[in-house]
2 protein chains.
Amino acid sequence: MAKPSPLADQSESPSATAELQAPLDSALDDLIGYAMRRAQLKLFQNLIGRLSAHDLRPAQFSALAIIDQNPGLMQADLARALAIEPPQVVPLLNKLESRALAVRVRCKPDKRSYGIFLSKTGETLLKELKQIAAQSDFDSTSALTGGEREELLRLLKKVYQD
Amino acid sequence: MAKPSPLADQSESPSATAELQAPLDSALDDLIGYAMRRAQLKLFQNLIGRLSAHDLRPAQFSALAIIDQNPGLMQADLARALAIEPPQVVPLLNKLESRALAVRVRCKPDKRSYGIFLSKTGETLLKELKQIAAQSDFDSTSALTGGEREELLRLLKKVYQD
DNA sequence: CGATTTAGTTATGTCAATTAACTATTAATC
DNA sequence: GATTAATAGTTAATTGACATAACTAAATCG
């Protein structure tokens, strides 16, 4: 196990997400936070749209990716990684389990906890989802050159890793 | 009137906002969308914290900036600019009016609608808020050089303006 | 063993935000 | 010019996400 991943966000309601258009002047145009919010919303909305074809939300996609990289982790770990509260993990995992993408396996030594694993189906779907996410990324940033995309990614990491 | 501004977002609940930590590996680290979400959340949370000293939310700050740049606009315009639904504008404006930051003025020709204006107090506060927002921006991106900030802003605009 | 802590779950409450319903004013139609 | 339709704003009602607290089972500590 290493670091958390949160592409989570269960909600992201229409207005919480929408909130970004551009009809009027606002003198906010020189704020990085403002530009970042608008850009982020654009990317997120695009991803949500694509994932919806698989009846998944970003948080579920994130969960799959985290489980894949940390097989056998416990629900509390997943909660921390997604930055959500433990009770929220329950319906999320129930959903993944009901679709046979992941499984809870009772722990041998400690019968209170579960190890969480991806199923073969889950692994296969995850591979596909990663491509979808990459494609979503790509066409949400179609105004950028390849070099600009790399630079943007570098700068964003520098910001949030600080 | 010109273009919209949405630094709106009424909600941005803890988990909707939180959702970003970094405890486990997730293989999402090369996605711009993932990095952008994490960075954006960091900036947004910082701004929320600072604005809370004035008992304001980002959407209210955005509203003030939009009204300032578009004096006399109608509530429907403001809703569109903030990308929220008209009913949400009511409590938002009520709050601004109750604090004497903005006023609704009955329209001469069309008695159904209002023109919205900032009060002197509102204008003064907005100036201060702009500095707060700029400061928030600055220290949320303290890992960047001045040149990198400019480049980041440029790239973000390119993304969302597309 | 008995008491305390921990993993997971269930239940409850809150708050934001969408949709629908309502009032008033204006515009359109005949 | 009266009736009907459309528009600005508001109020009301529904949904949904999320947090907190209460509960069950199992482990650890003494």
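Please read all numbers here as calculations on a predicted model, not as lab measurements. Each chain gets a letter, A, B and so on, in the order its sequence line appears, and its residues count up from 1. These values consider heavy atoms only, across backbone and side chains, with no hydrogens, waters or symmetry-generated copies.
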I need the [atom1]-[atom2] distance between [X] and [N], as an integer number of Å.
X        : N      : atom1 : atom2 : result
B:Leu92  : C:dA16 : CG    : P     : 12 Å
A:Glu85  : C:dG8  : CD    : P     : 14 Å
B:Met74  : D:dA8  : CE    : P     : 5 Å
B:Leu82  : C:dT18 : CG    : P     : 12 Å
A:Lys111 : C:dA7  : NZ    : P     : 17 Å
B:Lys95  : C:dA16 : NZ    : P     : 11 Å

Between A:Gln75 (side chain) and A:Tyr114 (backbone), is there a donor-acceptor pair under 3.5 Å? no
Interatomic distance, CG@A:Leu155 vs OG1@B:Thr141, rounded to 0.5 Å, equals 10.5 Å
| request: Please determine if B:Asp55 and B:Lys95 form a salt bridge, counting it only when a charged side-chain N lies under 4.0 Å from a carboxylate O. | output: yes
In numerical order, the residues of residues 96-104 of chain A whose heavy atoms come under 4.0 Å of DNA chain D are none
Nearest heavy-atom approach of A:Ile66 to A:Ala81 is CD1-CB, 3.8 Å
In short, B:Ala35 meets A:Leu153 closest at the heavy-atom pair CB-CD1, 3.7 Å
Taking for A:Arg112 and for B:Arg106 the nucleotide of DNA chain D with the nearest heavy atom, the one nearer the 5' end belongs to B:Arg106
(request) Determine whether A:Leu41 and B:Tyr160 make a side-chain contact, defined as any pair of heavy atoms from C-beta on separated by less than 4.5 Å. (result) no
